[in-house]
Amino acid sequence: MHDTLTGLPNRTLFTDRLEQMVQRAKRHKDYLCAVLFLDLDRFKVVNDSLGHLIGDQLLIAVARSLKYASALKTQLPAWEDEFAILLDDIKDVNYATQIAGRLKQGF
């Protein structure tokens, strides 16, 4: 259920949690959630020019940053082809925007 390189939840666990959030949203009209995606632009260039070891180190560093930024219990970082964060049971859309801004500043 976790990626061996980053230690983050894998796509299977991510999909399971996302499905739970969707079902909760169907049952409760006042329930809000969000999904944020983080794509590493030109990551293939890093692997091709600096090697897979450096690419792996970059992925591990990003995962650590996401874990640090995920101190709030509503966030679940996941990685496989990209990073994603599930924001569960949020108060309003502004919260998701604030988290996205905080992540952007961190990178």
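Computed from a predicted structure; not experimentally measured.
The distance from atom NZ of Lys44 to atom CG of Asp41, rounded to the nearest 0.5 Å, is 15.0 Å. For the atom pair Asp39 CG and Glu82 CD, the distance stands at 6.0 Å (nearest 0.5 Å). Taking CG from Leu87 and SG from Cys33, the interatomic distance works out to 8.5 Å, rounded to the nearest 0.5 Å. Note: Leu36 CG to Leu103 CG = 6.5 Å, rounded to the nearest 0.5 Å. Put simply, CG on Leu58 and CG on Leu50 are 9.5 Å apart, with the number rounded to the nearest 0.5 Å. With rounding to the nearest 0.5 angstrom, the CE atom of Met21 is 8.0 Å from the CD1 atom of Ile90.
Under the 4.5 Å side-chain heavy-atom criterion for Ile, Leu, Val, Met, Phe, Trp and Tyr, Leu13 and Phe83 are members of distinct hydrophobic clusters. Criterion: ILVMFWY side-chain heavy atoms under 4.5 Å apart, direct or through other members. Under it, Leu86 and Phe37 are part of a common hydrophobic cluster.
Every residue two or more places apart in sequence or in another chain that forms a side chain to side chain contact (heavy atoms under 4.5 Å, CB included) with Leu5 is listed here: Asp3, Asp56, Leu59, Ile60. In this view, His28 and Arg24, Asp30, Tyr31 satisfy the side chain to side chain contact (heavy atoms under 4.5 Å, CB included) rule, not counting sequence neighbours. Under the rule for a side chain to side chain contact (heavy atoms under 4.5 Å, CB included), the partners of Thr97 that lie at least two apart in sequence or sit in another chain are Val93.
No hydrogens or angles considered: nothing links the side chains of Asn94 and Gln98 as a donor-acceptor pair under 3.5 Å.
No donor-acceptor pair under 3.5 Å is formed between the side chain of Asp48 and the backbone N or O of Gly51.
Two residues are said to be in side-chain contact when any heavy atoms from C-beta on lie closer than 4.5 Å; Leu32 and Lys91 fail this criterion. Residues His2 and Leu8 have side chains not in contact (no heavy-atom distance under 4.5 Å, counting atoms from C-beta outward). Leu66 places a side-chain heavy atom less than 4.5 Å from the side chain of Leu38.
For CZ of Arg27, the number of neighbouring non-hydrogen atoms (other residues, nucleotides, ligands) closer than 6.0 Å is greater than 12.
Here the shortest heavy-atom pairing between Ala63 and Thr6 reads CB-CB, 3.6 Å.
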Original post:
Between Val35 and Phe14, is a side-chain contact (heavy atoms from CB on, under 4.5 Å) present by the stated rule, with each step listed?
Top reply: CA-CA 11 Å; Val35 179; Phe14 173 81; 4.2 Å; yes

